[in-house]
Amino acid sequence: MTAEPTLCAIVPPYVLDRLAEDGHAPAARSLALDAAHRTARLTAVPRQAPADRLERVISDAGHRERLPGRTVRREADGPVPDQSVNHAYDGLGATWTLFSAVYGRHSIDDQGLRLDATVHYGRDYDNAFWDGHRMVFGDGDGEVFGDFTACVDVIGHELAHGVTQFTAGLEYHNQPGALNESVSDVFGSLVKQYALHQDAADADWLIGAGLLAPGVQGVALRSMKAPGTAYDDPRLGKDPQPAHMRDYVQTGRDNGGVHINSGIPNHAFYLLADALGGPAWERAGRIWYDALTGRRLPADADFTAFARATVAAARARYPEPEVADTVTASWAKVGISPT
Ligand SMILES: [Zn+2]
């Protein structure tokens with residue numbers, strides 16, 4: 001069973017909305033493109049590659065809005081002069097490696113799906129997205145956002161939407177949608193931490209660090225360690241993410257605040273990884289991965305249902321009760337009781 005793919009772009013609509021209202025033309029254009037992408041019929045077309053073998057194809061849209069574009073680098077080809085191509089190639093590889101080496105997953109669909117990406121999509125396009133079967137990167141406008149291939153966690157985030165699509169299939173609205181977003185932030189951050197060999201205590205826990213252009217007042221798109229503090233800029237506004245259920249944002253925008261309320265489960269994961277210590281992809285990441293892929297989580301799971309699934313996953317995998325107790329305590333700190 002595969003859920004309907006949902007188009008998820010890394011920059012939430014409320015950020016681009018605000019920029020567009022301020023007369024920032026690239027944001028307005030990016031919003032229009034995102035709306036068109038959302039209404040286009042998305043179809044997941046798994047193409048088989050031998051399991052356990054990474055296969056990547058990077059294409060170049062040449063600043064047009066047509067996919068896939070011209071093939072510019074295939075698996076095992078050496079680096080090319082275009083750094084966006086190389087960053088996309090390396091980011092897809094880093095994501096595949098985390099899921100394969102740590103969780104034993106054969107690509108994002110667990111059946112060896114070839115990883116395809118297109119770079120230089122559109123002109124000044126302020127976003128990157130997974131469309132159900134490929135990753136698409138804009139170059140950014142250079143004023144607010146830079147090149148979207150620059151952040152390996154953004155690439156991990158987008159491909160993790162593919163993993164969710166092929167597993168729990170969390171619905172993309174309200175709490176299940178915020179969980180869908182959060183799971184992508186969790187694995188996006190873990191892709192980066194694994195690639196950099198960082199323990200939980202050394203990681204920045206930011207999503208999109210380095211994506212904001214110089215001069216923008218902010219460090220990233222989101223912070224899992226301190227939700228709500230990633231940016232506070234006259235043009236972008238202030239990071240709206242809550243870190244606790246008491247600050248849960250009720251809104252009809254952004255599919256019911258999927259990029260906003262994801263701060264709550266994001267922070268629970270950070271608290272768990274911090275409390276357990278060591279590499280976050282090991283125990284904390286494995287518990288989240290087991291909960292997501294265990295086939296027992298309903299597609300409309302709310303935060304409490306997901307919290308319960310993580311406690312059950314911790315109990316199943318780690319016989320020492322301290323681990324599951326730490327999972328329960330981490331959720332409790334963000335105002336969610338799994339029991
Ligand atoms: Zn997302």
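Every number for a ligand or one of its atoms is a count from 1 in the order of the listing.
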Centroid-centroid under 6.0 Å between W288 and F306 rings = yes

Does I287 offer a backbone N or O that forms a donor-acceptor pair with the side chain of T310 under 3.5 Å?
-> no

Quick one: does D302's side chain have a donor or acceptor within less than 3.5 Å of a partner on A305's backbone?
-> yes

Quick check: are there more than 12 heavy atoms from other residues, nucleotides or ligands sitting under 6.0 Å from CZ of R235?
-> yes

Hits for side-chain hydrogen bond (donor to acceptor under 3.5 Å, both in side chains) against R74, two or more places apart or cross-chain, chain-then-number order -> none

Within less than 2.8 Å of the Zn ion (ligand 1), the count of protein N, O or S atoms comes to 5

Would you call the rings of F145 and F148 parallel, tilted or perpendicular if under 30° counts as parallel and over 60° as perpendicular?
-> tilted

